[in-house]
Amino acid sequence: MLNKKTVVRTLEKIALYLELKGENPFKVSAFRKAANALELDERSLDEIDDYTKIKGIGKGTGAVIEELIRTGESQQLKELEQQVPKGLIPLLKIPGLGGKKLAKLYHELGVDSAESLREACESKKIRSLPGFGPKTEEKILKELERFGEKKERLPIWYLESVVQEIETLLSSIQEIERFSVAGSFRRVNETSKDLDFVIATKHPEIVKEQLLNRLAVKEIAGSGETKVSVVLDLDELVSVDFRLVSNNEYITALHHFTGSKEHNVRMRQLAKEQGKKISEYGVEQADGQVMTFQSEEDFFAHFGLPYIPPAVRETGQELDRLDELDRLVAIEDIKADLHMHTTFSDGAHSVQEMGEALIGRGYQFGAITDHSQSLKVANGLTPERLKKQRAEIEAFNESHPGFTLFAGTEMDILPDGSLDYDDDVLKELDFVIASIHTSFSQPQEKIMERLFNAITNPHVHMIAHPTGRIISQREGYHPDVEQLIYWAKEYGKILELNASPYRLDLCVEHLKLAMELGVPIAINTDAHAIEQLDYMAIGTMYAQKAWLKKELVVNTWSVEQFKEFIRKNK
DNA sequence: GCCGTTTTCGGCCCGACTGTTTTCAGTCG
């Protein structure tokens, strides 16, 4: 059976070629919409009997799908591939060049690759075409040079520090009334193409000047009355857009620039049905009056909607799942953090300091889970040191009534599949996390054998960062996650959503499966220092992307519920 | 190309910015 992804990609490819032909943009987007609609449909290819019943797929696109399933190829795509050279596709990525301009360049000058585009610029042929000029030539040449130099997407853990730096700067500019990061970073995407900030100010010129002077600006990509786009020269080149609006317009602008595009489209369609019109400057009523809002809650309420958190504003389908929103896990529900390190192993703060930091965050319980003995680089704990730590934890609990610190471990699952502590050590601990830190490149069978040994051990409560991935940097040890989730279900264990922006492991797709099966999930920061306890916010918002319900999230349980769970697993 | 009980034709989200133009098309998000 043909892969659904292949069908989706084929439809997208047709859209791309149509775009390059300079076709009607609505036709182009119809193919994209059809691809999207098919992808979002939860059924597999052979479970769908009539494709044209899916909204967004009609006679034309439905026929392409049918043909693909029947013959494995699309006649329409084949014809397009003959009409439009392949080399044009990567050129669509050049800023300023879209389908129409590229179509013109191809037909008039025979441009069909990066190389021939460069030649056309250098021989100054482009400026003679209507709609093109010398500046376009220069810009294309510059973009061609930089082709490949700038990273396509940057990971959330890198952008996080950039955002903090920019926020510090924005806080120091007096003319700014309020500001927020927006865009895909605010929606907690794993990677983003650029950063967006929305700024409320009465003095856009001054703010603009301050930004351009005080940031490490490598290039000003655009600068208008309400928008400044720059490329920052940091460890990586980072594109940042600043939108400057009045305080009144701030909320609608924030909503607009938080997106996603698909979410905004759905919102605008809904507004239209209500006789209203949404723009970044406000909501125009039927009588022409423009309304603005004090908060995003008010904005959504204006359309009769509950607050939709940024993390789920993704496909537009969130507007069909409004009744699930109040069951979504949120940071206010979090009562505990169950994975953290102290100075006993590789953490920066003591048991006492971590415990007090948890109390300071309003939590009701937590677990200290330092590394185990074989992880020498992290100063893992021997059973003797584990006992010493337990004494500290008990002393802490005595002096802090109303809060419970559990004595735990993040125990290594060793390369041979054995566990780093004997059962008689484990049974003395309140909370046992097992995880893999070594021998990532073993074959999947071996990795699964290790995980199976851990998950079937009666003293183990949770598997931490189940895949070992680092976003955009390392793929982890490639476990069969689906199998692992089924095991967790069968043996009644917790799986972790590691909240560190480096990890976010399990990922959204796997969290969805875990939720379907009712496997409990713990959102944990894996903090190695007090500040990292703040990762809980990122982890919780990331969990929302999988529509994780609060009752499945261990950290929302009461301490009694949690005690009951760990007692059962002894 | 897709869609629709106000429409089977005429819309399709909306606006900023740029570089080309003397009022606007193309691109972008």
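In what follows, every heavy atom counts, from backbone to side chain, and hydrogens, waters and symmetry copies are set aside. Every chain is numbered from 1 and lettered A, B, ... according to where its sequence line falls, protein lines coming before strand lines.
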>> Reading DNA chain B from 5' onward, which residue's closest nucleotide shows up sooner: A:Lys93 or A:Lys261?
In response: A:Lys261
> For B:dC28, what is the paired nucleotide under Watson-Crick or G-U wobble rules, both distances under 3.5 Å?
Replying inline: B:dG15
>> Near DNA chain B, counting only heavy atoms under 4.0 Å, which residues of residues 275-286 of chain A show up?
In response: A:Lys277, A:Ile278, A:Ser279, A:Glu280, A:Tyr281
> Taking only residues two or more places apart in sequence, or in another chain, which ones meet A:His302 in a ring-ring contact (aromatic ring centres under 6.0 Å, His included)?
Replying inline: A:Phe293
> Distance between the P atoms of B:dC28 and B:dT20, in whole angstroms?
Replying inline: 15 Å
> Who passes side chain to side chain donor-acceptor pair (under 3.5 Å) against A:Asn24, sequence neighbours left out?
Replying inline: none
> Across the strands shown, which category fits A:Gly99 at heavy-atom distances under 4.0 angstrom: base, sugar-phosphate, nothing?
Replying inline: sugar-phosphate
> Does A:Ser29 put a side-chain nitrogen or oxygen below 4.0 Å from OP1 or OP2 of B:dG1?
Replying inline: no
> Quick one: A:Glu249 CD to B:dG15 C1', roughly how many Å, whole number?
Replying inline: 12 Å
> Hey, does A:Ile94 reach any base, or is it just sugar-phosphate, or nothing, if we go heavy atoms under 4.0 Å?
Replying inline: sugar-phosphate
>> Nearest whole Å is fine: how far is B:dG29 P from A:Arg243 CZ?
In response: 9 Å
> To the nearest angstrom, how far is A:Leu91 atom CG from B:dT27 atom P?
Replying inline: 13 Å
>> Can you check the distance between B:dG10 and B:dG15, where both ends of the measurement are the C1' atom (answer in whole Å)?
In response: 22 Å
>> Show me the pairs that pass ring-ring contact (aromatic ring centres under 6.0 Å, His included) and involve residues 209-257 of chain A, at least two apart or across chains.
In response: A:Phe197-A:Phe242, A:His255-A:His263, A:His255-A:Phe299, A:His255-A:Phe300
>> If I pick the P atom on B:dG11 and the same atom on B:dA16, what distance separates them, to the nearest angstrom?
In response: 22 Å
>> For A:Asp194, give me all partners under side chain to side chain contact (heavy atoms under 4.5 Å, CB included), at least two apart in sequence or on another chain.
In response: A:Asp196, A:Ser239, A:Asp241
>> Taking only the C1' atom of each, what is the distance from B:dC12 to B:dT7 in whole angstrom?
In response: 14 Å
>> Measure CD/A:Glu225 against C1'/B:dG15 and give the value in whole Å, please.
In response: 13 Å
>> Taking ring-ring contact (aromatic ring centres under 6.0 Å, His included) as the cut-off, I'd like each qualifying pair that reaches into residues 80-135 of chain A, sequence neighbours left out, listed once.
In response: none
> Do A:Asn498 and A:Asp505 have side-chain N/O donor and acceptor atoms under 3.5 Å apart?
Replying inline: no
> Atom NZ of A:Lys227 to atom P of B:dT27: distance rounded to whole Å?
Replying inline: 15 Å
Please enumerate all protein N or O atoms sitting under 3.5 Å from an N or O of nucleotides 18-24 of chain B, with distances to 0.1 Å.
{"unit_1": "B:dT18", "atom_1": "OP1", "unit_2": "A:Ser223", "atom_2": "N", "d": "2.7"}
{"unit_1": "B:dG19", "atom_1": "O3'", "unit_2": "A:Thr136", "atom_2": "OG1", "d": "3.2"}
{"unit_1": "B:dT20", "atom_1": "OP1", "unit_2": "A:Gly133", "atom_2": "N", "d": "2.5"}
{"unit_1": "B:dT20", "atom_1": "OP1", "unit_2": "A:Gly133", "atom_2": "O", "d": "3.0"}
{"unit_1": "B:dT20", "atom_1": "OP1", "unit_2": "A:Pro134", "atom_2": "N", "d": "3.4"}
{"unit_1": "B:dT20", "atom_1": "OP1", "unit_2": "A:Thr136", "atom_2": "N", "d": "3.3"}
{"unit_1": "B:dT20", "atom_1": "OP1", "unit_2": "A:Thr136", "atom_2": "OG1", "d": "2.7"}

>> If the condition is side chain to side chain contact (heavy atoms under 4.5 Å, CB included), which residues does A:Gln269 pass it with, not counting sequence neighbours?
In response: A:Val265, A:Arg266
>> Using atom P in both nucleotides, what's the gap between B:dC9 and B:dC14 to the nearest angstrom?
In response: 24 Å
>> On DNA chain B, does the nearest nucleotide to A:Lys104 precede the nearest nucleotide to A:Gly62 from the 5' side, or the other way round? Give the residue.
In response: A:Gly62
>> Output the rounded distance in Å from OH (A:Tyr51) to P (B:dC2).
In response: 15 Å
>> Looking only at the side chains, is there a donor atom on one of A:Ser246 and A:Asn248 sitting less than 3.5 Å from an acceptor on the other?
In response: no
>> If I pick the C1' atom on B:dT23 and the same atom on B:dC17, what distance separates them, to the nearest angstrom?
In response: 16 Å
>> Measure NZ/A:Lys59 against P/B:dC3 and give the value in whole Å, please.
In response: 12 Å
> Rounded to the Å, how far apart are A:Lys55 NZ and B:dG1 C1'?
Replying inline: 15 Å
>> What's the separation between atom SG in A:Cys507 and atom CD in A:Glu190, rounded to the nearest 0.5 Å?
In response: 6.5 Å
> B:dT27 and B:dT21: how far apart are their P atoms, nearest whole angstrom?
Replying inline: 15 Å
Might you list the N or O atoms of the protein lying below 3.5 Å from N or O atoms in nucleotides 6-12 of chain B, with each pair's distance?
{"unit_1": "B:dC12", "atom_1": "OP1", "unit_2": "A:Lys272", "atom_2": "NZ", "d": "3.0"}

>> Enumerate the salt bridge (charged side-chain N to carboxylate O under 4.0 Å, His left out) contacts for residues 289-304 of chain A, please, sequence neighbours excluded, ordered by first and then second residue.
In response: A:Arg186-A:Glu296, A:Glu296-A:Arg313
> Looking across every strand, which nucleic acid part, if any, lies under 4.0 Å from A:Pro25 by heavy atom: base, sugar-phosphate, or nothing?
Replying inline: nothing
>> I'd like the P distance from B:dG1 over to B:dT6, given in whole Å.
In response: 27 Å
>> So A:Ile538 and A:Leu504, do their side chains get closer than 4.5 Å, heavy atoms only?
In response: yes
>> Taking side chain to side chain contact (heavy atoms under 4.5 Å, CB included) as the definition, give me every residue that meets it alongside A:Gln274, ordered by chain and number, with sequence neighbours left out.
In response: A:Leu270, A:Lys276, A:Phe303
> Which ring-ring contact (aromatic ring centres under 6.0 Å, His included) pairs, counting each pair once, include a residue from residues 157-185 of chain A, with sequence neighbours left out?
Replying inline: A:Trp157-A:Tyr502
>> Classify A:Leu18 by what it touches in the nucleic acid, base, sugar-phosphate, or nothing, heavy-atom distance under 4.0 Å.
In response: nothing
